[in-house]
Amino acid sequence: MKAEQAKKLADEALDNLTTAVAAGKSESLTAYLAAMGKFHDYSFGNVMLIVSQRPDASHVAGFNGWRKLNRFVKKGEKGIVIIAPMLIKPKEESSSESSDRSFLRFKAVYVFDVSQTDGEPLPEFARVGGNPNGHTDRLKSLVSTRGIVLEYSTELGSALGCSKKGTILLKPGLSPAEEFSVLTHELAHEMLHTKDDRRELSKVVKETEAEAVAFVVCQAIGLDSGTAAADYIQLYNGDKETLASSLDRIQKTSSEIIEAIMEHESSVAN
C-alpha cells in the first residue's frame, strides 16, 4: 500500500472518531461507569495485598458490596484479605473532653474478585469485533522489526496490555480482534511515548493518541470498533480538542503502521 493511500484511510477514520467522541458518552459507557463507580478505591497497600493473593483480580468488592450489584459470592470461595481502618471511641470517662476522643485501629476484612461471584453480569466495556485475517501476524512482524519484545502475561490485572519501553505485554486469551487492537494500541505507545521529550505528556494525551491509532488501523483492516475507541478516550477524559491537538502525530503513526502491515496486499494486487 502506498503512503498516500494509507494517509487517506487514516484521515477518513480520524474524522469518524472525532465525530463519535464529540457525540458524548455512549449508553454502554454510561452503564459501565455507573457500575464501576460502586467499587471502592483501595489504597496502594491494599492493592498490593490483593495482587499478591490473586494476581488475576480485576473487580473486587466485599460480600455486601457484591449484593448491591446483584451478585453473590460463590459457596466455598476463599476471601482476599485486606486491611480496613476503623475508628474506636473509648468508654465514657469523667471528663467530657476525653469522651470525645477516638482512636484509629485497623482490622483484617475479606473481599472477593468478580470471578468468585455469580449473578447479574456487570456492564461490559465496548469491544472490537471482526476477523483480522492474518494482519495480526504482520503486525507482530512489525513489532519485531522495531526491536520490541512481545510477551504474554497473566499478571496484568484488569489491563489487556502494557507498554514498557521496548517490551509489550498482552493478556493471553484475547479474541483475535481484541489482540490486534490492543497490540496496535501498545505499539502506538512504543512509537509515540518512549522518547524523553514525550514522556512528560499527560495520561489523557497518551491514551487518546494510542487508542486513536488503534482505531484508525482497525478501521483500515475492516474490524468493527463500534464505540470502543470513543468510549476508551472519554474514559480517560479525552475529547475532540485532545484529538485535534494530536491529529498530526496520530495520522503519521497510523499511516506508518497501515502501510507496513498492508504492504503484502498491495504486492498481491499488483
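Keep in mind that this is a model prediction, so the values were computed, not measured.
- Proximity of a side-chain donor or acceptor of Ser43 to a complementary backbone N or O of Asn46 within less than 3.5 Å is detected.
- The NZ atom of Lys164 sits 15.5 Å away from the OG1 atom of Thr194 when rounded to the nearest 0.5 Å.
- With values rounded to the nearest 0.5 angstrom, Arg138 atom CZ is found 8.5 Å from Ile221 atom CD1.
- Distance NZ/Lys78 to CZ/Arg54: 10.5 Å, rounded to 0.5 Å.
- If you check the side chains of Ser181 and Arg127, you find no donor sitting under 3.5 Å from an acceptor.
- The nearest pair of heavy atoms linking Ser246 to Val205 is OG-CG1, 4.0 Å.
- Within the 4.5 Å cutoff, the side chain of Glu207 has no heavy atoms near those of the Ile233 side chain.
- With rounding to the nearest 0.5 angstrom, the CZ atom of Arg67 is 13.5 Å from the OG1 atom of Thr117.
- No chain of hydrophobic side-chain contacts below 4.5 Å, direct or via other Ile, Leu, Val, Met, Phe, Trp or Tyr residues, connects Val204 to Phe215.
- Val51 and Val60 fall within a single hydrophobic cluster, where Ile, Leu, Val, Met, Phe, Trp and Tyr are joined by side-chain heavy atoms under 4.5 Å apart, directly or via other members.
- Between the Trp66 side chain and the Ala61 main chain, a donor and an acceptor come within less than 3.5 Å of each other.
- The heavy-atom pair separating Leu49 from Ser52 by the smallest distance is O-OG, 2.8 Å.
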### Task
Could you walk me through whether Leu201 and His193 pass side-chain contact (heavy atoms from CB on, under 4.5 Å), step by step?
CA-CA 8 Å; Leu201 291 173; His193 307 136; 4.1 Å; yes
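- Note that CG of Leu187 is 9.5 Å distant from CD1 of Ile261, once rounded to the nearest 0.5 Å.
- Counting heavy atoms from C-beta on, the side chains of Leu243 and Thr208 come closer than 4.5 Å.
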### Task
Evaluate side-chain contact (heavy atoms from CB on, under 4.5 Å) for Leu139 paired with Val217, printing each intermediate quantity in order.
CA-CA 10 Å; Leu139 182 61; Val217 177; 5.8 Å; no
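- A pairwise comparison of heavy atoms in Ala57 and Ile50 identifies CB-CG2, 3.8 Å as the closest pair.
- At distances below 3.5 Å, at least one donor-acceptor pair connects side-chain atoms of Thr145 with backbone N or O atoms of Leu142.
- Checked for salt-bridge contact, Arg249 and Glu209 meet the test: a charged N lies under 4.0 Å from a carboxylate O.
- Judged by distance alone, the side chain of Glu186 and the main-chain N or O of Ser163 form a donor-acceptor pair under 3.5 Å.
- With hydrogens and angles disregarded, a donor-acceptor distance shorter than 3.5 Å links the side chain of Ser175 to the backbone of Glu178.
- With Glu190 contributing its side chain and Ile148 its backbone, the two residues share no donor-acceptor pair below 3.5 Å.
- Both Ile80 and Val109 are part of a single hydrophobic cluster, where members link through side-chain heavy atoms under 4.5 Å apart.
- Linking ILVMFWY side-chain heavy atoms closer than 4.5 Å, directly or via other members, places Leu169 and Leu160 in two distinct hydrophobic clusters.
- Of all the heavy atoms in Thr154 and Pro172, the pair that sits closest is CG2-CG, 3.7 Å.
- Between His185 and His189, the angle of the ring planes goes over 60°, which puts this pair in the perpendicular group of the 30/60° scheme.
- For Asp113 (side chain) and His59 (main-chain N/O), a donor-acceptor pair under 3.5 Å exists by modelled atom type.
- A salt bridge does not link Arg71 to Glu120: none of the charged side-chain nitrogens sits closer than 4.0 Å to a carboxylate oxygen.
- Looking at Lys171, its side chain never comes within 3.5 Å of a backbone N or O of Glu179 through a donor-acceptor pair.
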### Message
With side-chain hydrogen bond (donor to acceptor under 3.5 Å, both in side chains) as the criterion, how do Gln251 and Ser255 come out once you've worked through the C-alpha distance, each side chain's angles and the decisive distance to 0.1 Å?
### Response
CA-CA 6 Å; Gln251 187 271 330; Ser255 297; 3.1 Å; yes
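- Note on Val143 and Val149: separate hydrophobic clusters, where clusters join Ile, Leu, Val, Met, Phe, Trp and Tyr whose side-chain heavy atoms are under 4.5 Å apart, directly or indirectly.
- In the model, Thr18 has no side-chain atom that pairs as donor or acceptor with a side-chain atom of Asp15 under 3.5 Å.
- Within a 6.0 Å radius of CD in Glu77, other residues, nucleotides and ligands contribute more than 12 heavy atoms.
- Between the side chain of Thr184 and the backbone N or O of Phe180, at least one donor-acceptor pair lies under 3.5 Å.
- Between the CD atom of Glu259 and the CE atom of Met262 there is a distance of 11.0 Å, given to the nearest 0.5 Å.
- The closest side-chain heavy-atom distance from Phe72 to Asp118 is not below 4.5 Å.
- Checking side-chain atoms of Thr253 against main-chain N and O of Ile250 turns up no donor-acceptor pair under 3.5 Å.
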### Task
Please step through side-chain contact (heavy atoms from CB on, under 4.5 Å) for the pair Asp239 and Gln234, ending with a clear verdict.
CA-CA 6 Å; Asp239 52 27; Gln234 292 176 93; over 6 Å; no
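- Across all their heavy atoms, Val81 and Ala108 have their closest contact at CG1-CB, 3.9 Å.
- For the pair Pro132 and Thr136, the tightest heavy-atom approach, listed with the atom from each and the gap, is CB-OG1, 3.5 Å.
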### Worked check of salt bridge (charged side-chain N to carboxylate O under 4.0 Å, His left out) between Glu256 and Arg146
CA-CA 12 Å; Glu256 184 178 344; Arg146 295 186 69 90; 2.9 Å; yes
